[in-house]
Novice: 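Pasting in a structure now, in structure tokens, and then I'll have a few things to ask.
Below, chains carry the letters A, B, ... as their sequence lines are ordered, and counting in each starts from 1.
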Amino acid sequence: MSPDDKPDNLINAEGLRVDGRRPDELRPVEMKVGVLKQADGSASIRQGNTYILAAVYGPRELHPRHLTLNDRAYLRVVYRMATFSVPDRKRPAPSRREREISMVIANALEPALFLEEFPRAVVDVFIQVIQADGGTRCASINAASLALADAGIPMRTLVPSVAVGKAQGTLLLDLGDAEDKYGEGDIPLATLPPQDDITLLQQDGHFTKEELLEAIEMGVTACKYMHELQKEALKQAYAKRRPADDAEVDDEDDDDYEDDLETDLGESDLEEE
Amino acid sequence: MSPDDKPDNLINAEGLRVDGRRPDELRPVEMKVGVLKQADGSASIRQGNTYILAAVYGPRELHPRHLTLNDRAYLRVVYRMATFSVPDRKRPAPSRREREISMVIANALEPALFLEEFPRAVVDVFIQVIQADGGTRCASINAASLALADAGIPMRTLVPSVAVGKAQGTLLLDLGDAEDKYGEGDIPLATLPPQDDITLLQQDGHFTKEELLEAIEMGVTACKYMHELQKEALKQAYAKRRPADDAEVDDEDDDDYEDDLETDLGESDLEEE
Amino acid sequence: MSPDDKPDNLINAEGLRVDGRRPDELRPVEMKVGVLKQADGSASIRQGNTYILAAVYGPRELHPRHLTLNDRAYLRVVYRMATFSVPDRKRPAPSRREREISMVIANALEPALFLEEFPRAVVDVFIQVIQADGGTRCASINAASLALADAGIPMRTLVPSVAVGKAQGTLLLDLGDAEDKYGEGDIPLATLPPQDDITLLQQDGHFTKEELLEAIEMGVTACKYMHELQKEALKQAYAKRRPADDAEVDDEDDDDYEDDLETDLGESDLEEE
Amino acid sequence: MGDYSAETISHIDRDYIADLLKRGERVDGRKFDMYRPLEIELNPVAAKAEGSAIVRLGGTTVIAGVKVLVGEPYSDNPNEGVVMVTAELAPIASPLFELGPPRENAIELARVVDRGVRESETIDVKQLCIEEGKRVYMVFADVYTLEYDGNLIDASSMAVNAALLTTEYDEMKVEDKDVVATGKKLKLPVQNMAIEHTVSKIGDHIVIDPVLKEEFVQDCRLTMAIDDSEKFTALQKGGGSGPMPMSQIDEAMDIALARSKEIRKAIRDAVASGSE
Amino acid sequence: MGDYSAETISHIDRDYIADLLKRGERVDGRKFDMYRPLEIELNPVAAKAEGSAIVRLGGTTVIAGVKVLVGEPYSDNPNEGVVMVTAELAPIASPLFELGPPRENAIELARVVDRGVRESETIDVKQLCIEEGKRVYMVFADVYTLEYDGNLIDASSMAVNAALLTTEYDEMKVEDKDVVATGKKLKLPVQNMAIEHTVSKIGDHIVIDPVLKEEFVQDCRLTMAIDDSEKFTALQKGGGSGPMPMSQIDEAMDIALARSKEIRKAIRDAVASGSE
Amino acid sequence: MGDYSAETISHIDRDYIADLLKRGERVDGRKFDMYRPLEIELNPVAAKAEGSAIVRLGGTTVIAGVKVLVGEPYSDNPNEGVVMVTAELAPIASPLFELGPPRENAIELARVVDRGVRESETIDVKQLCIEEGKRVYMVFADVYTLEYDGNLIDASSMAVNAALLTTEYDEMKVEDKDVVATGKKLKLPVQNMAIEHTVSKIGDHIVIDPVLKEEFVQDCRLTMAIDDSEKFTALQKGGGSGPMPMSQIDEAMDIALARSKEIRKAIRDAVASGSE
């Protein structure tokens, strides 16, 4: 309810951001797999103050029937924000913004899935935003990927996602609320490792072509790092459950985190309606 | 439109209520069977100023199909208030309150019915509140029972229903509007004669356990009386139609109204939304 | 947004109307056939400032299935106004007025169609009001008739439609906005040539029986003229496409426009909600 | 309301009714230009509604209730009150009516009955102003169908008019920006009354006040609202897409005009006797 | 919430659970009058919601979040704030929950939890007035189900109460007709706390805090809200249409009363430790 | 908008289009980086809308109409007007569009076109304030699709921009708390214009302004809004879930940048000639 104060500068004289991060530094990320017992697969993600749960049900029978696809499973993504996840109370009914985001998340995830193995079925991905503090669509993709893997849906790869923004002419990873509101633009993206083809790409604000390409490159690199975090989260979950069995995902070495990447990745929501 | 005046006392020095009733005295009740010619069965009830119509259609084919039950008929109860039945104009669309009341009425009636005789069908009970002056859910159950019997739906028993309230620490039967608004609580209930098991039970207000049990006992006793009134109403309807045939219901003696019961029974709506 | 000014007189000393027309004079009418390439048939009409498009799709499979008719095609008419077609912005959702007008338009058109040739199918007539300046339901019928013919739906006849109104006690054809708002009534009607039976008839305002009959006669006569305009529009469309082939419709002589009719015909919307 | 024919009535019924009409008879024995028995019950919702009436027209029963509230006027008519009529085809009334949001038939019923009240200027809305541009009386007349055996429009029109005539509401005034009751009761300023009369066209015949069986086989219906001065204030052709020749329209108007006096009198008498 | 029985559970399960109960046992080994392990996580939405809590009751998890906004009071209570509870059966929580607008089960859940808060007068709404008739605090407590393994009502009631107890919001004042923050934080005026306790009737047996499998086979459930002074402030029989004899209602009340102290203490303790 | 592929287009079409592209050709003979013929009709709704335009882009036709109303500002921007874009996939336009409430494709179209106008700050909303915190101009630009042969986003973006450029509305002022017209006409304060350019990715190829047949077989589309200073103000990848490599995104940007000048000029020229 209290009015947000616009900070004087989003980047200070030392080149640091309002929360002390460097331009290419992610907020702290914590991902957990298998957090909801009723679901076939699930995951949570905390990224700064953003907190999201994702659950996967399926493959299962699809209702209503007229949505059925004969050559593959229907990937149904429902992204919903809790009424209390935002500064003002969101109305309980799904907004047009939530419906559009559900659609772009489905597009981001679908190329990673072997949906053709389950013709006429549905794979449901339910995403609940518990707290929204920027970057919810990217965080949702990160968590939904893990939930799909946890549900045993055959996948080419996990899909990592981050956002890149801009303030005072500087590209910034993983915008916080004030940066999103008072900054100069935001570019959420998602990639398909290892080729790094892009499956989510949106943008608002003002960018030259050169800035855009630089920002996208920055995002793609950050996705590689996010991908490592995802694999680590999955490994940890399976380590707990099946100590001697972590062959589920790929077998890259998860320990060689590149330190210069630890400070990177960013995303923030496009305009809220 | 005019503001209701809060009475100084809901019970006067002589122990009588604002409308002159004793604490355990019902408002005048008038029930009629077979009042709507298009329906398979119907009944009306007037209880004080509360005025309700109930119609039954069925057993008949169920739309939409996905609600079909394979082992019994689906009992669909729709409780609706006319826009003009309340002091302010009710919005025409069904409210959440109306949907909840429809559900508890269905629960109250269902154990009295042999629904298993009509698998895959629907029995529709439509209840229209013409004037609401307290006690509409109980009055609806009383009328709906009669409408079901009138429709020839096989029944174990008619379901009587009354409510018990409290004001100034005294238990009261069948609350009027002012008693409902300014009193200390309300307990609608319904029973299955002759065992008097309870099929509807709700409560609001503040009651100790002892008060609650006493109130429920009071209500159960009053239901016995209401049950006699129901049987009498049914008998009158059939007497008119088939003078020599009143074997439809049970054959208890309907004339031995217990005088001490005549002053009992009460109910009033839980909070309106 | 600017307030309309009520004219001092709707008919001046010379007997002419606010836009200079005589009482029995139509606004300029322009009808075109085949204006929308995606549709199976289409037409546009401009009548004064009123501008409407009509498209026909079908006969085609009907969804939802429960609307299917076994002995004929279902004629589904959807009349919709663009948000910007009226002085204030219309809400995007269909209004009750639009739904009623859809229904009366369907009734007006149906007797002209051989729907029994397409049992279980649907013929969709979509009408989009681009600019509403009175007479939209009549203009819609005129255009929809042409669109149905353009789609090759078998027809007994084109259905012409006009409206007759009244101001200062004088019957007027084809009301403009100010005449509709400040006049004394409006009678939209449609006929089936050549018997001139009436398929649309509505009225508001105040009319004696004699006035009504006179107005309807005036409208029926005007419909004959509108019918000629319709046939001409159809002929022009087919002349362009198939120079040597205009046998599609009937072969009356389209050139004998009766000059005394050129000044007639009128219609305007009943009350807006 | 007349479009169930193909699905719900057999050809035998259709022929039977047509044959009867040819012989000058109707399924229920009435003459072509006769209404069914009319009963008007006033103020069945006396404790909660400002006005109400139940109308029984043969086997058709409807109830109309009137609520008078205080609200804001429309910006283009700042000194006029608001009158609104709605109608619901409650599923209680017929196996043909369905649950769910209002469909075309219910919308048409409401709009046609509303048009009868609106076009005749039944209520003098200028007398419904409390404070210009700020507060006016809003009059809602809501109709529920209770038993459906044909001709809902006429029954609803009668019920709405009877309910409006019986309406009494609290006079309100503005006091320090709040709206408070003065303690006085007001009657609605009814300045004209238009009653709707519906005829059914079945082949070459025109009958008034059709029963459900007649609606099933009718080509169409024509509803005519006729006011205190015998002027027509609304027409609506509906209930089917059958065309009507001018001669039948003329005949329909004559029937409606002839019958309007007795219906008007029945309503006035009921209200007069009710207020004795 | 208990009515999936015919479709989703086999007779074998039904018999198995009934046999267990006959031997004094439950499917998860608990005693009849025992709650499952209870975990309360405070303020999981600390950055955006004025109050929030996650409650884990065995395999059932719900989250409640509280938003405090400024709005207009209802005209009949011009000096009282507004408290409203909603609940959503989010499809994330169970393969049994569906997409789409709320159905009867969700509506009942919301209304029963709301009734528990409203009837006990948990919040002193008179303290939520900013300017009489103009501006009051509006308190929205919204519950989302995250994992559904039975007894949503009790878990939701606990979560709502815990969230209300932790709520802190900006004090507002009126300055030149605008509402502005004073900079001070307020706690909600919680004056009473009613916790809802639900028992499941399965044949002759009454068990508290039913798991999903028990809900599948129950005859009905009875929910009782019990306040700080051990008064009952709401009852709701639901979850099936099975009738209950008085003796079982008596027994249910005793179980609920006995257990209410420990649940109340667990919530108070969690809040106390959270605010240290 | 591109996701009808599996159901509506045969593999033969898919192969045919792919083969053509391999040879550097498109189904309608255009070059990869060419728009279809563009026609702009100004003010087709001159009598009722404050601004309007029909855009014909090959076989795709859309109409945009602008209404300027007076309303209240949002509380967080008390001195700014409101600009809102909606879009409807009217069933008149295509056998693929359906009746009923807007589905995902219509929502995306509206939101993407809206984003193009909003992010570029096309309208200087600060100039739309009448009285701070009380009254501002609200600008609604509503798009209806009339003929759908692909690339609705670009056509809609052009139509909205043309309609905004032609908009003239009554200047309003506050007089004794009422809002009245001054009699003067105003033009919208258009300070920047972002046009949306959509390319379709089909295998290794990128084509601009796809026709419907190309949308059926595309992997995905990428929409880029480019403003007066050649900055990108919005991106949207959609129309299918196919991934795009960086090289294609780069190529798409170059095509869009190259074409944006001619489209911008066409709109400006049409408006200039229209206002002569």
Novice: Please state whether the side chain, the backbone, both or neither of D/Asn192 comes within less than 4.5 Å of a heavy atom of chain C.
Specialist: side chain

Novice: Might you confirm whether atom CD of D/Glu72 has over 12 heavy atoms from other residues, nucleotides or ligands at distances under 6.0 Å?
Specialist: no

Novice: Just how far is it from atom CG of C/Asp197 to atom OG of D/Ser247, taken to the nearest 0.5 Å?
Specialist: 8.0 Å

Novice: Might you work through the side-chain contact (heavy atoms from CB on, under 4.5 Å) test for C/His206 and D/Asp227, ending with a clear yes or no?
Specialist: CA-CA 9 Å; C/His206 294 255; D/Asp227 75 358; 3.5 Å; yes

Novice: State, to 0.1 Å, how close D/Ser241 and C/Pro111 come at their nearest heavy-atom pair, and which atoms those are.
Specialist: O-CG, 2.9 Å

Novice: May I ask you to name which of D/Gly116, D/Ser120, D/Ser229 has the most heavy-atom pairs under 4.5 Å with chain C?
Specialist: D/Ser120

Novice: Donor-acceptor pair, D/Lys237 side chain versus C/Thr199 backbone, under 3.5 Å?
Specialist: yes

Novice: Say you draw a straight line from CE of D/Met224 to CD of C/Gln203; how long is it, rounded to the nearest 0.5 Å?
Specialist: 10.5 Å

Novice: Is the backbone N or O of D/Arg111 less than 3.5 Å from a side-chain atom of C/Glu100, with the two atoms forming a donor-acceptor pair by type?
Specialist: no

Novice: Can you tell me how far the CD1 atom of C/Ile198 sits from the CD1 atom of D/Ile249, to the nearest 0.5 Å?
Specialist: 3.5 Å

Novice: Would you indicate whether the side-chain heavy atoms of C/Val104 and D/Gln236 approach each other to under 4.5 Å?
Specialist: yes

Novice: Tell me, please, which residues at least two apart from D/Lys22 pass salt bridge (charged side-chain N to carboxylate O under 4.0 Å, His left out).
Specialist: none

Novice: What is the distance from atom OG1 of C/Thr208 to atom CG of D/Leu257, rounded to the nearest 0.5 Å?
Specialist: 9.5 Å

Novice: Taking only Lys NZ, Arg NE, NH1 and NH2, and the carboxylate oxygens of Asp or Glu, determine whether D/Lys231 and C/Glu184 approach each other closer than 4.0 Å.
Specialist: no

Novice: If I take atom CG from residue C/Asp88 and atom OG from residue D/Ser75, how far apart are they, to the nearest 0.5 angstrom?
Specialist: 7.0 Å

Novice: What's the spacing between C/Gln202 CD and D/Leu235 CG if we round to 0.5 Å?
Specialist: 9.0 Å

Novice: Taking atom CZ as the centre, does C/Arg156 end up with more than 12 heavy-atom neighbours from other residues, nucleotides or ligands that are less than 6.0 angstrom away?
Specialist: yes

Novice: With a 4.5 angstrom heavy-atom cut-off, could you sort out which part of C/Leu192 is near chain D: side chain, backbone, both or neither?
Specialist: side chain

Novice: Between D/Ala110 and C/Arg96, what is the shortest heavy-atom contact and its length?
Specialist: CB-NH2, 3.5 Å

Novice: Counting C-beta onward and ignoring hydrogens, is there a side-chain heavy-atom pair between C/Leu213 and D/Met253 closer than 4.5 Å?
Specialist: yes

Novice: Could you tell me whether D/Asp204 atom CG has more than 12 heavy atoms of other residues or ligands within 6.0 Å of it?
Specialist: no

